[in-house]
Q: 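Have a look at the structure that comes next, please.
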Amino acid sequence: MVKMESCDMDTDTLIEQKKKIDEHATRKLVEGEKWYLVAGVWFERLMDYLQDTNSSRESYHPGPIDNSPILTESDGQLNLKEHLIDEMDYKLVPEDIWDFLAETYGVTEGQEPICRTVVDVGQFAGHLKVEVYLMEIELCKDFNLSSTIKQRFSRKEKTATLHAAARKLFDIPSNVQTQLWTCISESSYNLIKDAQSTLQDEMIFPSCVVVLDTQGSDGNYASKEVMKRLDIQEPASRSPVLKESSNVSTKDVAIPLPPADAPSTSPPMTTRYSMIHSNTSVTPGLCGLSNLGNTCFMNSVLQCMSNTPPVVDYFMHDRHRQDLNVDNPLGMRGEIAKSFGELIKTMWSGTSSTVPHHFKLQVSKFAPQFSGYQQHDAQELLTFLLDGLHEDLNRIHDKPYITQRDSDGRPDEEVAAEAWNNYKKRNDSIIVELFHGLLKSTVWCPRCQITSVTFDPSCYLSLPLPTKLERQVEVLFFPYSGEQKPTLYKVQVPQRARMEDVFQGLHRLTNYPVEQMIASEVFKHHFQRIFDNTDSVDTFLDDRERLYVYQIPVSVRDKKYVALPVCQWELDGRREFANNQLFGLPVFVVVPRNGCTYVQLFNAILKRMAPFLNITVTSNPTYKSFDDDIVHHNGRMKDSDNEDDDDEDSEGKMQSNDDHDSMDIHVEYSGSSGFEFDNNEEDWDRDDEEQKYTNGDALNQTSSFRVFIVNNHRIHNIASPDMNTKIIHFPDTLGRQYLVVQWTSGSRLTYFKEAAVRDFDKHESLHSSVRPHGVDLKDCLSLYTSTEKLDASEAWYCPKCKDHIEATKKFDLWNLPRILVIHLKRFHYNRFRRDKIDTTVNFPLRGLQLQDYISDPHYDKSTVYDLIGVCNHYGNLAGGHYTAYGLNKVENAWYLFDDNHVRRASESSVVSNSAYVLFYMRRDPEEMQH
């Protein structure tokens with residue numbers, strides 16, 4: 001007798017493993033250390049497995065480390081997918097944890113470990129991070145930009161290493177002198193002078209072209225010919241200048257490419273030279289920004305700020321110079337303000353495009369989270385920029401200490417005035433004057449009934465979207481009857497759906513009972529997970545994955561029957577079981593929990609497999625399957641006539657002295673299980689050779705079509721001399737156990753219909769899509785200012801109760817700024833998924849009236865606002881793109897800014913479901929009179 005084991009590792013071992021793996025979460029990064037990427041999907045399976053210490057062991061063994069969800073194949077090689085998100089798509093583990101996991105669980109065949117190094121990306125303050133993505137750089141020789149070769153480097157690599165790699169790549173003789181240039185665009189180059197600087201120092205970004213400049217036999221570098229071709233002359237002073245032009249002012253152009261040995265006048269890290277065409281002139285403000293590698297989020301924010309008239313006036317007239325506060329410990333030494341000011345001047349100089357390289361460098365220095373060239377959130381950058389500009393331009397150099405007072409029942413006007421005056425004593429800048437307003441926050445404690453009122457400055461409103469969120473889940477549905485093909489559906493469910501919501505949606509489409517459905521995750525031809533009705537869809541899916549739902553002919557709650565998972569296994573030359581030998585689609589086979597014989601089980605398996613077989617499955621009168629006489633033609637079970645005579649307890653479980661949960665099965669086909677071959681002259685391939693399995697058993701197999709039990713990658717033969725009468729005892733829960741039907745290569749080729757696995761119908765619901773109704777901006781404002789009860793994660797600390805309370809909270813607008821920034825909360829994150837809400841928010845381009853939302857009864861400023869800019873986000877979080885709409889103050893017309901492309905836009909295009917951050921400017925009283 002072979003019993004299905006409850007688990008392969010004892011509970012103490014699993015707990016110890018989890019403790020060891022959890023330890024890495026608190027480990028500090030050390031520069032130069034090696035860390036490894038593990039696919040989040042596999043890591044979640046591992047955690048489920050380690051946390052499931054119940055005797056039933058519902059969680060499946062995760063199998064070998066499998067990084068396929070985060071890998072993509074290109075040119076025969078596996079590479080890391082782009083735009084992956086840490087802690088969601090992958091987990092990072094230190095080298096010793098990786099070694100432990102690899103030794104304990106193994107690594108999927110054909111996959112190499114994904115090893116990355118810890119680097120310091122901070123400039124002034126250390127900021128360690130694992131460099132997940134190496135930069136892909138294009139190398140070319142002698143400015144031949146049409147012929148480049150891609151190579152990957154760490155951003156912390158020395159330029160000397162890059163130089164040596166380029167020389168080797170282009171096979172440069174040792175006696176030939178070379179130097180490196182970075183080509184940001186056809187008109188912008190950097191000469192790399194410091195061999196010990198890093199690629200990050202030199203502002204080399206992904207897809208940047210690096211030119212290997214070789215010296216010819218005449219002693220001249222190839223760069224000299226580039227200068228000649230672009231008509232750049234070298235003055236006697238050897239200070240690089242551009243030839244005079246009647247169309248372009250010299251103050252409006254960048255420095256051209258000089259000879260290689262020209263002295264540097266720029267910062268020591270790099271020397272930039274730009275060459276622009278002298279006849280390029282556009283309306284001021286219509287300046288595109290080059291994408292430095294996933295910097296569209298930065299470009300969109302800069303364009304919105306550039307189309308904010310009071311900001312432009314302030315910096316164009318150099319008023320920021322007198323406000324610079326380089327000693328502010330909370331500031332950026334004035335560098336953010338200076339680089340932003342210079343960029344605004346360039347953007348309003350009449351040039352059609354520029355490269356925001358220096359501004360990006362300064363941002364990376366003081367905000368290492370934005371270093372590198374991965375995608376970031378535009379609103380997060382805007383928050384940093386406004387805060388950085390404020391502290392760099394704060395006119396308060398010695399901030400006084402101020403004690404905060406409670407409201408203590410005082411009038412709101414008094415408390416608000418006190419809060420604003422106290423804030424102004426420590427904060428006084430152009431950013432405060434333009435962007436900062438005052439919010440009133442009221443919190444009620446339901447326990448002690450106290451009310452707390454506070455007034456807090458804010459530089460933007462972050463508004464929720466009042467819409468019933470829905471999503472669509474792709475479901476492959478398998479009716480139990482083989483007469484109907486599987487069908488692919490698109491089921492509409494609530495955004496926070498459970499599996500039972502999916503079942504309800506399928507019921508509306510198929511009319512099959514909800515209680516007869518089982519949801520599963522099918523991974524590499526087996527059931528990776530079988531879900532409960534109450535499981536969240538988020539635990540498994542993003543909207544790109546497919547859920548497998550199986551109909552069974554009985555209720556899943558009916559204790560009289562058991563649904564057995566069955567997979568297909570092709571035995572290969574290794575004679576050992578492995579998951580990668582599985583093929584086809586797994587199925588559920590339903591049999592009676594009590595009184596089922598081995599032959600009945602085998603016949604039930606054959607019948608369920610019939611759609612995939614090139615044989616005719618018929619009923620043998622001697623070995624009749626259980627469902628021959630208790631399954632209706634409609635696929636539902638009917639009760640047996642002697643149901644009341646069964647010796648069952650209240651749960652339908654057979655009374656037995658054998659008190660265990662192991663499946664006591666012995667089955668082996670012996671040629672009399674009720675099927676006939678289409679071709680009677682052919683028999684299944686036979687292999688009577690002794691076969692060894694991973695559990696160490698050596699069994700002499702005499703048949704070629706066999707059924708086995710798999711328990712955590714260990715396989716047990718099912719064989720019994722009394723198949724006809726031997727009764728199977730099923731456990732209450734199967735845990736991680738399932739059955740496999742063994743095939744040889746020959747029998748699979750002859751009798752298994754591979755095409756049937758891929759043959760399914762497509763329902764018309766696949767052509768439908770969720771089209772959320774648009775909402776008005778005022779609906780968002782109403783929701784923002786409505787009363788809400790805080791949940792446990794946001795519990796408020798009550799000073800009277802001395803405890804965190806799920807209190808009631810309400811926001812009110814008290815004082816609005818001149819420039820009102822509205823952030824639409826389109827993105828949602830939780831442990832399992834990330835969502836974007838694509839609902840269209842209808843917002844006015846002119847005349848946004850906010851009088852009804854002001855709670856200050858004595859507010860005397862204009863409450864009418866006009867739109868001046870929109871930051872747009874397209875796509876999803878895995879791979880999106882940012883653009884901006886801006887109202888040009890010179891032409892009083894809307895323009896679309898898409899990196900370095902700028903074009904006129906219609907007013908109707910400004911409002912879309914991609915709008916993410918809105919910039920409104922208060923209308924002056926004199927304008928309201930017109």
Side-chain angles (χ1 to χ4, degrees), residues 24-38 40 67 70 79-99 112-139 150-166 180 182 190 192 194-208 210 267-270 292-295 297-298 332 335 357-377 380-381 384:
H24 89 274
T26 58
R27 189 178 302 182
K28 293 183 178 179
L29 297 176
V30 177
E31 188 173 6
E33 278 189 345
K34 302 295 184 184
W35 285 60
Y36 291 76
L37 275 73
V38 177
N67 281 333
I70 61 174
N79 298 312
L80 193 65
K81 288 182 179 179
E82 298 293 335
H83 312 307
L84 298 177
I85 298 179
D86 188 17
E87 293 299 319
M88 288 188 175
D89 296 313
Y90 63 85
K91 297 283 185 178
L92 288 164
V93 298
E95 188 170 21
D96 59 317
I97 299 297
W98 168 265
D99 291 341
E112 295 295 328
I114 308 174
C115 179
R116 295 294 186 262
T117 305
V118 177
V119 299
D120 187 354
V121 298
Q123 294 288 333
F124 297 115
H127 183 80
L128 298 176
K129 66 184 295 185
V130 179
E131 188 178 28
V132 173
Y133 288 100
L134 300 178
M135 291 195 299
E136 186 175 74
I137 300 171
E138 298 185 44
L139 298 172
K150 295 180 179 180
Q151 298 280 295
R152 290 185 178 271
F153 296 90
S154 166
R155 73 187 67 181
K156 301 298 287 187
E157 201 78 73
K158 301 291 186 183
T159 56
T161 303
L162 173 63
H163 198 162
L180 290 181
T182 60
N190 293 334
I192 299 177
D194 185 358
Q196 295 307 308
S197 65
T198 66
L199 273 60
Q200 177 176 279
D201 295 335
E202 297 292 345
M203 297 180 288
I204 296 176
F205 52 86
S207 300
C208 178
V210 176
M269 285 192 299
T270 184
L292 305 179
N294 286 326
T295 57
F297 74 97
M298 181 184 75
M332 320 292 171
E335 295 297 330
H357 224 288
H358 187 257
F359 177 79
K360 174 66 168 65
L361 176 64
Q362 298 304 320
V363 170
S364 299
K365 283 181 179 179
F366 295 101
Q369 67 269 28
F370 296 114
S371 63
Y373 299 93
Q374 296 186 38
Q375 287 189 340
H376 295 281
D377 187 278
E380 292 178 2
L381 176 71
F384 163 78

Q: Over all heavy atoms of both residues, which pair between K129 and L29 is shortest? Give the atoms and the distance, please.
A: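 Answer, listing the atom of K129 first, then L29: CA-CD1, 3.7 Å.
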Q: Classify the side-chain pair K158/S197 by whether it contains a donor and acceptor separated by less than 3.5 Å.
A: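 Note: K158 and S197 side chains miss the donor-acceptor criterion.
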Q: List the atom of D377, the atom of F297, and the distance in Å for their closest heavy-atom pair.
A: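 Residues D377 and F297, closest heavy atoms: O-CD1, 4.2 Å.
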Q: Side-chain contact test, heavy atoms from C-beta onward, threshold under 4.5 Å: evaluate it for T182 versus I137 and give yes or no.
A: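 In short, these two side chains do not touch, never coming nearer than 4.5 Å.
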Q: Quick one: closest heavy-atom pair of F366 and M332, and the distance?
A: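 Minimum heavy-atom contact is CZ-O, 3.2 Å.
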Q: Please give me the minimum heavy-atom distance between I70 and D89, naming the atom from each residue.
A: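 Closest approach of I70 to D89: CG2-O, 3.3 Å.
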Q: From the options L134, V210, L199, select the one residue that forms a side-chain contact (heavy atoms from CB on, under 4.5 Å) with F153.
A: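 Only one of L134, V210, L199 forms a side-chain contact (heavy atoms from CB on, under 4.5 Å) with F153, namely L199.
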Q: Taking atom CD1 of I97 and atom CG of L92, what is their separation to the nearest 0.5 Å?
A: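 CG of L92 is found 13.0 Å from CD1 of I97.
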Q: State whether K150 and E138 are salt-bridged, where the test is any N-O pair (Lys NZ or Arg NE/NH1/NH2 against Asp/Glu carboxylate O) under 4.0 Å.
A: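 Looking at K150 and E138, the cut-off is not met.
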Q: Taking the side chain as C-beta and beyond, is there a heavy-atom pair between T117 and K34 under 4.5 Å?
A: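 Yes - at least one pair of side-chain heavy atoms lies under 4.5 Å apart.
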Q: Evaluate the side-chain proximity of Y90 to I114: yes if any heavy-atom separation is below 4.5 Å, no if none is.
A: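 The answer is no; the side chains never approach within 4.5 Å.
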Q: Check for a donor-acceptor pair, side chain of E33 on one end and backbone N or O of P94 on the other, with a separation under 3.5 Å.
A: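 Checking the backbone N and O of P94 against the side chain of E33, no donor-acceptor pair under 3.5 Å is found.
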Q: Hey, what do you get for NE2 (H163) to CD (E157), rounding to the nearest 0.5 Å?
A: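 Separation between the atoms: 14.5 Å.
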Q: Is there a side-chain contact between V132 and L84 (heavy atoms, below 4.5 Å)?
A: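 When only atoms from C-beta onward are counted, L84 and V132 do not touch, as no gap falls below 4.5 Å.
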Q: Minimum heavy-atom separation for L180 and A166, please, with both atom names.
A: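 So the two residues come closest at CD2-CB, 4.5 Å.
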Q: Applying side-chain hydrogen bond (donor to acceptor under 3.5 Å, both in side chains), can you list everything that pairs with D96, at least two apart in sequence or on another chain?
A: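 For D96, the residues satisfying side-chain hydrogen bond (donor to acceptor under 3.5 Å, both in side chains) (neighbours in sequence not counted) are R27.
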Q: Say you draw a straight line from OH of Y133 to CG of N79; how long is it, rounded to the nearest 0.5 Å?
A: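 Output value for this atom pair is 11.0 Å.
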Q: Are the side chains of L381 and H376 in contact, using a 4.5 Å heavy-atom criterion?
A: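 A side-chain contact is absent here, since even the closest heavy-atom pair is not under 4.5 Å.
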Q: Say you draw a straight line from OG1 of T198 to NZ of K156; how long is it, rounded to the nearest 0.5 Å?
A: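 T198 atom OG1 to K156 atom NZ measures 5.0 Å (nearest 0.5 Å).
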Q: Would you give the length of the straight line joining atom OG1 of T161 to atom CD of Q196, rounded to the nearest 0.5 angstrom?
A: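 Between T161 OG1 and Q196 CD, I get 8.5 Å after rounding to 0.5 Å.
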Q: Write down the atom of A195, the atom of T159, and the distance for their closest heavy-atom approach.
A: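 Smallest interatomic distance, heavy atoms only, reads O-OG1, 3.1 Å.
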Q: Return the CE to CZ distance between M298 and F359, rounded to the nearest 0.5 Å.
A: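 Here the interatomic distance stands at 6.5 Å.
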Q: Would you say the side chain of R116 lies within less than 4.5 Å of the side chain of L37, judging by non-hydrogen atoms?
A: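 Yes. Closest side-chain heavy atoms under 4.5 Å.
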